[in-house]
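The structure under discussion appears below in the form of structure tokens.
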Amino acid sequence: MSWVSDYQYTFIQKIAFQALQLSGHIPHHIAFVMDGNRRFARSKQLDKIEGHSRGFSKLADVLRWCLDMGIREVTTFAFSIENFKRSNEEVEGLFNLARDKFSKLLEETSRLDEHGIRIRVIGNLLLLPADLQRLIATAMLRTERNDKLFLNVAFAYTSRDEITQAVEAVLREDEQADDPLQPTDINERLLEACLYTRHSPPPDLVFRTSGETRLSDFMMWQLSTSVLYFTDVLWPQITIWNFLASIVAYQRDRCRLEDYRRGERLHSVQLAKSSEFYSLRVQKFLLKLDANRRKLLIALASN
Ligand code: FPP
Ligand code: MG
């Protein structure tokens, strides 16, 4: 299957996998910043788009490793809103790659169902061409009942835009409500519940390649207590050993992370399970937000 590779493990890799599974906690959620595709392409005298295409193949290996490691949620940064500033040729090339991959995904949804993979694209879909919106919305709706591995693809995404959209959602969804939100309802928890990631726990580990040690406007709200792992290796060249090294780094740093999280606040997704967390008015608002987001997907899928 093109989104999850049929990676063949060597004996020693299998042993290393098992050792890590036995030796410590496995992250629930990992986020990847797949950087260095063009430098990789340049170093091999390949076209830029071929670099991105090799980047996608690496993502398929990484998803296989995550699935086999028992990781439940993966978020990957595939296209930043900042990437619209690149040449038309590169932007169109990336869109064509996405068209191709989402079309393939729709041809093989039974295999996604077999693995229980749910695809969620997080980002400002309305910035994308209509045909890509249709493919993405269809993929999200088609896999919405799966719940073993959540794959969030950040596409046309930046954190600042996500937070802006959350504020807009508060204003828009509440416009004609019978019981509108009150100023005291507007707080950090409500905004967090309006982010694209509203149904996900925050990433435990962030993995960025190519020697860049920035967050580049990626999940800035969600990453305050995540372990950050940076490697100099370019994304298309990472190996299973780089992946395993990041899990070791996570297991080493996790205790401090857990202490910090306990001392700070619990994530709203966990807290939302207790009915006292949100007032009835806010709960109604959030149900409406979910319903309207789903309606938008249905509209985009039928365009
Ligand atoms: C960053 O490397 C990578 C990107 C901007 C695109 C990443 C996209 C993919 C791997 C394909 C994903 C597609 C789907 C459908 C999920 P860069 O271009 O910044 O490279 P550089 O740092 O060497 O310049
Ligand atoms: Mg880059």
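Heavy atoms only: backbone and side chains are in, while hydrogens, waters and symmetry mates are out. One-based numbering, in listed order, for ligands and for the atoms of each. Remember, it's a predicted structure, so these values are computed and weren't measured experimentally.
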Do Asp185 and Tyr278 have side-chain N/O donor and acceptor atoms under 3.5 Å apart?
no
Best match, Arg39, Glu90, Arg38, Met34: closest heavy atom to atom 22 (O) of ligand 1
Arg39
What's the verdict on side chain to side chain contact (heavy atoms under 4.5 Å, CB included) for Arg208 and Ser216, showing C-alpha distance, side-chain angles and the deciding distance?
CA-CA 10 Å; Arg208 181 169 187 157; Ser216 302; 2.7 Å; yes
Within-cut-off N or O pair, Trp3 and ligand 1, under 3.5 Å
no
Within the 6.0 Å centroid threshold, strictly below: Phe77 and Phe32:
no
Trp235-Phe40 aromatic ring centre distance below 6.0 Å
no
Looking at [X], I'd like to know if its [atom1] atom is crowded, meaning that more than 12 non-hydrogen atoms belonging to other residues, nucleotides or ligands lie closer than 6.0 Å.
| X | atom1 | result |
| --- | --- | --- |
| Asn303 | CG | yes |
| Glu89 | CD | no |
| Arg145 | CZ | no |
| Lys288 | NZ | yes |

Which atoms from ligand 1 have a heavy atom of [X] less than 4.0 Å away?
| X | result |
| --- | --- |
| Asn83 | 5 (C) |
| Arg86 | 5 (C), 17 (P), 18 (O), 19 (O) |
| Ala78 | 6 (C), 7 (C), 8 (C), 12 (C), 16 (C) |

Would you please determine whether Ser210 falls within less than 4.0 Å of ligand 1 on a heavy-atom basis?
no
Matching residue for His29 among Asp204, Thr197, Thr75 - test: side-chain hydrogen bond (donor to acceptor under 3.5 Å, both in side chains)
Thr75
Which residue and heavy atom of the protein sit nearest [atom], plus the separation:
| atom | result |
| --- | --- |
| atom 4 (C) of ligand 1 | His52 CE1, 3.7 Å |
| atom 15 (C) of ligand 1 | Ala98 CA, 3.8 Å |
| atom 11 (C) of ligand 1 | Leu97 CD2, 3.8 Å |
| atom 14 (C) of ligand 1 | Phe56 CD1, 3.7 Å |

Would you mind checking if Asp290 and Arg198 are paired as a salt bridge, meaning a charged N to carboxylate O distance below 4.0 Å?
yes
Using a strict cut-off of less than 4.0 Å between a Lys/Arg side-chain nitrogen and an Asp/Glu carboxylate oxygen, indicate whether Arg118 and Asp147 qualify as a salt bridge.
no
Taken by chain and residue number, the protein N/O/S atoms under 2.8 Å from the Mg ion (ligand 2) read Asp35 OD1
